[in-house]
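This report refers to the structure that appears directly beneath it.
Hydrogens, waters and symmetry mates play no part in the numbers below; they use all other heavy atoms, side chains included.
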Amino acid sequence: MTHRHTDLRDLFQDRVRQAEDSRGTHQKTAEERDDLRRRHTELQRYCSELEERVQTNATVINLMALEYEALTEQNTGAARVLPLPSRRTPRT
């Protein structure tokens, strides 16, 4: 049959090649999808870590501001600001 109907044989072989090509494309697409999912998971974890750091830093800054305010109010009358002596060298 393949000797008599070469056009059918060629058509069949073309379709086989197309199927193999689409299978390879599908495999690449699946690998890319899996890679994107992995990267997405990593980025979500990193984002969560950053949000936790920001929250910790905000808490520390608020505590330091409260401590500074308490110290400022406590030393309002006792604090004196003295000017530093200037160390200017005479010009020659």
Co-members of the apolar cluster containing Val60 [side chain, <4.5 Å]: Met64
Working note: Thr56 + Arg53, criterion side chain to side chain contact (heavy atoms under 4.5 Å, CB included); need CA distance, chi angles, decisive distance, verdict. CA-CA 5 Å; Thr56 301; Arg53 286 182 189 178; 5.6 Å; no
Under 3.5 Å donor-acceptor pairs involving side-chain atoms of residues 31-39, not counting sequence neighbours:
{"residue": "Glu31", "atom": "OE2", "partner": "Gln27", "partner atom": "NE2", "Å": "3.3"}
{"residue": "Asp35", "atom": "OD1", "partner": "Arg38", "partner atom": "NH2", "Å": "2.4"}
{"residue": "Arg38", "atom": "NH1", "partner": "Glu42", "partner atom": "OE2", "Å": "2.9"}

Flag the pair Glu51 / Val54 as yes when at least one side-chain heavy-atom distance between them is below 4.5 Å, and no otherwise. no
When rounded to the nearest 0.5 Å, the distance separating CZ of Arg45 from CG of Leu50 is 11.5 Å
Could you give the distance from CG (Leu66) to CD1 (Ile61), rounded to the nearest 0.5 Å? 12.0 Å
